[in-house]
Number of protein chains: 2
Amino acid sequence: MKTPTRSAKPAVRPSALQAESLQHTRREHASETAEDYVEAIADLSASQGEARVVDLARRLGVTHVTVNRTLARLQREGYVSVRPYRAIFLTDSGRKLAAECHHRHGIVVAFLQSLGIPEKAAEIDAEGIEHHVSPVTLAAFAKHLNR
Amino acid sequence: MKTPTRSAKPAVRPSALQAESLQHTRREHASETAEDYVEAIADLSASQGEARVVDLARRLGVTHVTVNRTLARLQREGYVSVRPYRAIFLTDSGRKLAAECHHRHGIVVAFLQSLGIPEKAAEIDAEGIEHHVSPVTLAAFAKHLNR
DNA sequence: AATAAAATGTAGCTAAGGCTACATAATGTA
DNA sequence: TACATTATGTAGCCTTAGCTACATTTTATT
């Protein structure tokens with residue numbers, strides 16, 4: 001792939017695909033937090049009846065301060081409903097996102113394990129990988145599982 | 001990024017593993033940028049003889065300002081050598097990291113393609129996924145390729 | 001050599017996502 | 001009920017990583 005010299009003006013931007021992929025990845029990073037939070041909230045709500053700030057902090061490995069500020073953002077974005085000193089609830093939109101993430105997470109973990117990767121390693125890698133698995137790739141993973 | 005001290009709660013639920021995985025992922029995010037930069041610098045140096053700020057900016061899909069500031073950090077961290085208005089060079093450490101990333105990237109892309117994922121989608125997903133592929137998982141990918 | 005253009009650098013803004021320290025509300029218990 | 005503990009909230013700081021606008025240096029062209 002040729003990139004023009006400093007004197008020549010590129011007619012078509014080279015490295016277009018790389019730049020595009022990287023920008024795509026950066027955009028995904030912005031929604032990773034939301035995904036982690038809604039999934040944790042859904043899990044906690046199911047297992048404990050409600051999701052509290054402390055539980056989320058413990059679950060996500062951050063302080064309650066970080067949880068607090070992030071919840072404010074997620075509320076702004078319409079994923080959760082928060083009231084001072086009360087439990088945290090998912091909106092419809094949040095529940096939908098949580099379900100998608102849960103589904104995808106399960107497939108990614110199962111797929112990695114099907115390759116012989118031990119459960120703990122699969123869990124750790126899946127946590128990082130899952131946010132970057134496109135529908136096409138997810139389908140390929142699922143298909144591989146059902147062979 | 002330090003683990004918040006929590007009061008000793010009895011039940012150590014799987015939240016421990018999840019928190020661990022998430023912290024791990026956040027740590028990886030910190031090095032993603034470094035990986036993307038050194039790989040781009042290595043590529044540009046090989047293909048053009050030198051890596052310049054503009055080329056990096058185009059390649060990474062950001063402005064030259066962002067490149068500039070990031071290069072300062074990478075120099076601080078010992079991956080690159082930068083002098084005003086001059087080309088950018090990798091240190092030994094930077095070259096080593098670039099080689100690792102290049103190797104890993106190739107395996108991830110090939111692996112995804114081997115699952116039937118079209119090249120472009122494989123490239124895009126790989127860009128996000130590769131930074132989160134542990135040595136164990138990378139080995140599993142490679143093994144799957146050599147069947 | 002003078003000028004135009006491109007590349008690089010700098011100042012300062014934004015936002016996310018970490019944190020500590022401290023303040024207040026809610027809850028459990030003596 | 002009073003008090004201690006836990007949970008939650010707030011203030012303010014840090015770093016990364018984007019950006020625009022503008023300044024300076026280098027390179028190209030006339």
Side-chain angles (χ1 to χ4, degrees), chain A residues 3-10 13 19 22-37 40-41 44 48 50-77 79-80 82-89 131, chain B residues 1-10 19 22-37 40-41 44 48 50-77 79-89 131:
Chain A
T3 303
T5 59
R6 303 211 290 140
S7 50
K9 175 90 187 218
R13 65 289 146 180
L22 290 167
Q23 289 175 326
H24 181 86
T25 301
R26 286 196 295 272
R27 251 175 278 122
E28 285 173 337
H29 281 169
S31 43
E32 277 187 42
T33 305
E35 297 189 350
D36 290 337
Y37 274 69
I41 293 166
L44 287 168
Q48 329 263 116
E50 62 176 20
R52 311 294 306 227
V53 172
V54 224
D55 303 321
L56 274 175
R58 187 164 38 233
R59 172 79 153 241
L60 300 166
V62 298
T63 64
H64 79 277
V65 183
T66 300
V67 169
N68 237 333
R69 192 165 22 58
T70 303
L71 286 176
R73 177 170 76 83
L74 295 185
Q75 182 163 46
R76 228 191 303 138
E77 293 172 358
Y79 292 117
V80 304
V82 180
R83 277 182 317 162
Y85 298 102
R86 294 293 151 81
I88 299 134
F89 295 102
H131 303 288
Chain B
M1 195 183 310
K2 151 183 173 189
T3 306
T5 46
R6 292 259 97 255
S7 50
K9 255 252 166 132
L22 289 168
Q23 288 177 327
H24 180 84
T25 300
R26 285 195 296 270
R27 249 174 278 122
E28 285 173 337
H29 281 171
S31 43
E32 275 187 44
T33 307
E35 296 189 349
D36 290 338
Y37 274 69
I41 294 166
L44 288 168
Q48 336 249 135
E50 62 176 21
R52 313 288 315 207
V53 172
V54 222
D55 303 321
L56 275 175
R58 186 163 40 227
R59 173 78 152 243
L60 300 166
V62 297
T63 65
H64 79 278
V65 183
T66 300
V67 169
N68 235 332
R69 190 164 25 57
T70 303
L71 285 176
R73 176 170 76 86
L74 296 184
Q75 181 163 49
R76 230 192 302 138
E77 293 172 357
Y79 291 117
V80 304
S81 158
V82 180
R83 277 181 317 162
Y85 297 101
R86 292 295 147 79
I88 299 133
F89 295 102
H131 303 287

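Naming convention: chains lettered A, B, ... in sequence-line order (proteins, then strands); numbering from 1 in each chain.
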(message) Quick check: closest heavy atoms across B/Ala19 and A/Arg58, and the distance to 0.1 Å?
(response) CB-O, 3.4 Å
(request) Starting at atom NE2 of B/His64, determine the distance to atom P of C/dA11, rounded to an integer number of angstrom. (result) 13 Å
(request) Provide, to the nearest angstrom, the distance between the CG atom belonging to B/Leu56 and the P atom belonging to C/dG9. (result) 11 Å
(message) Pick the closest DNA chain D nucleotide for B/Val62 and for B/Arg76 by heavy atoms, then say which residue is nearer the 5' end.
(response) B/Arg76
(message) If I take atom CD in residue B/Gln75 and atom P in nucleotide C/dG9, what distance separates them, rounded to the nearest angstrom?
(response) 11 Å
(message) Rounded to whole Å, please give me the gap between CZ in B/Arg83 and C1' in C/dA7.
(response) 16 Å
(request) Kindly indicate whether the side chain of A/Leu44, heavy atoms from C-beta on, has any atom under 4.5 Å from the side chain of A/Ile88. (result) no
(message) Looking only at the side chain of B/Thr66 (C-beta and beyond, no hydrogens), which of the listed nucleotides D/dC19, D/dT10, D/dG9 gets closest?
(response) D/dC19
(message) I need the CD-C1' distance between A/Glu50 and D/dT8, as an integer number of Å.
(response) 13 Å
(request) Indicate yes or no: at least one non-hydrogen side-chain atom of A/Thr25 is less than 4.5 angstrom from one of A/His29. (result) yes
(request) May I ask you to test the B/Tyr37-B/Val80 pair for a side-chain heavy-atom distance under 4.5 Å? (result) no
(request) Respond yes when some side-chain nitrogen or oxygen of B/Asn68 is under 4.0 Å from OP1 or OP2 of C/dG9, and no when none is. (result) yes
(message) With nearest nucleotide decided by heavy atoms, which residue, A/Ser31 or B/Val65, maps closer to the 5′ end of DNA chain C?
(response) B/Val65
(request) Grab the NE2-C1' distance between B/His29 and D/dG18 for me, whole Å please. (result) 16 Å
(message) By nearest atom, which of the nucleotides D/dT8, C/dT20, C/dT10 is closest to the A/Thr63 side chain?
(response) C/dT20
(request) Just compare C/dA7, D/dT20, D/dA7 and give me whichever is closest to any side-chain atom of A/Val54. (result) D/dA7
(request) Using whole Å, report how far NE2 of A/His131 lies from P of C/dG17. (result) 12 Å
(message) I need the CG-P distance between A/Leu74 and C/dA16, as an integer number of Å.
(response) 10 Å
(request) Look at the side chain of B/Arg69 against the base of D/dG18 and say whether a donor-acceptor pair falls under 3.5 Å; ignore hydrogens and angles. (result) yes
(request) Measure from the side chain of B/Arg52, starting at C-beta and using heavy atoms only, and say which of C/dG9, C/dA7, C/dG17 lies closest. (result) C/dA7
(request) Using only side-chain N and O atoms of A/Thr33, determine if any of them is under 4.0 Å from OP1 or OP2 of C/dG17. (result) yes
(message) Checking the side chain of A/Glu50 only, and the main-chain atoms of A/Ala87 only, is there a donor and an acceptor separated by less than 3.5 Å?
(response) no
(request) Report yes if a side-chain nitrogen or oxygen of A/Arg26 is closer than 4.0 Å to either non-bridging phosphate oxygen (OP1 or OP2) of D/dA17; otherwise report no. (result) no
(request) Choose from D/dT25, D/dG9, D/dA17 the nucleotide whose nearest atom is closest to any side-chain atom of A/Tyr85. (result) D/dG9
(message) Between A/Gln23 and A/Leu71, which residue's closest nucleotide on DNA chain D lies nearer the 5′ terminus?
(response) A/Leu71
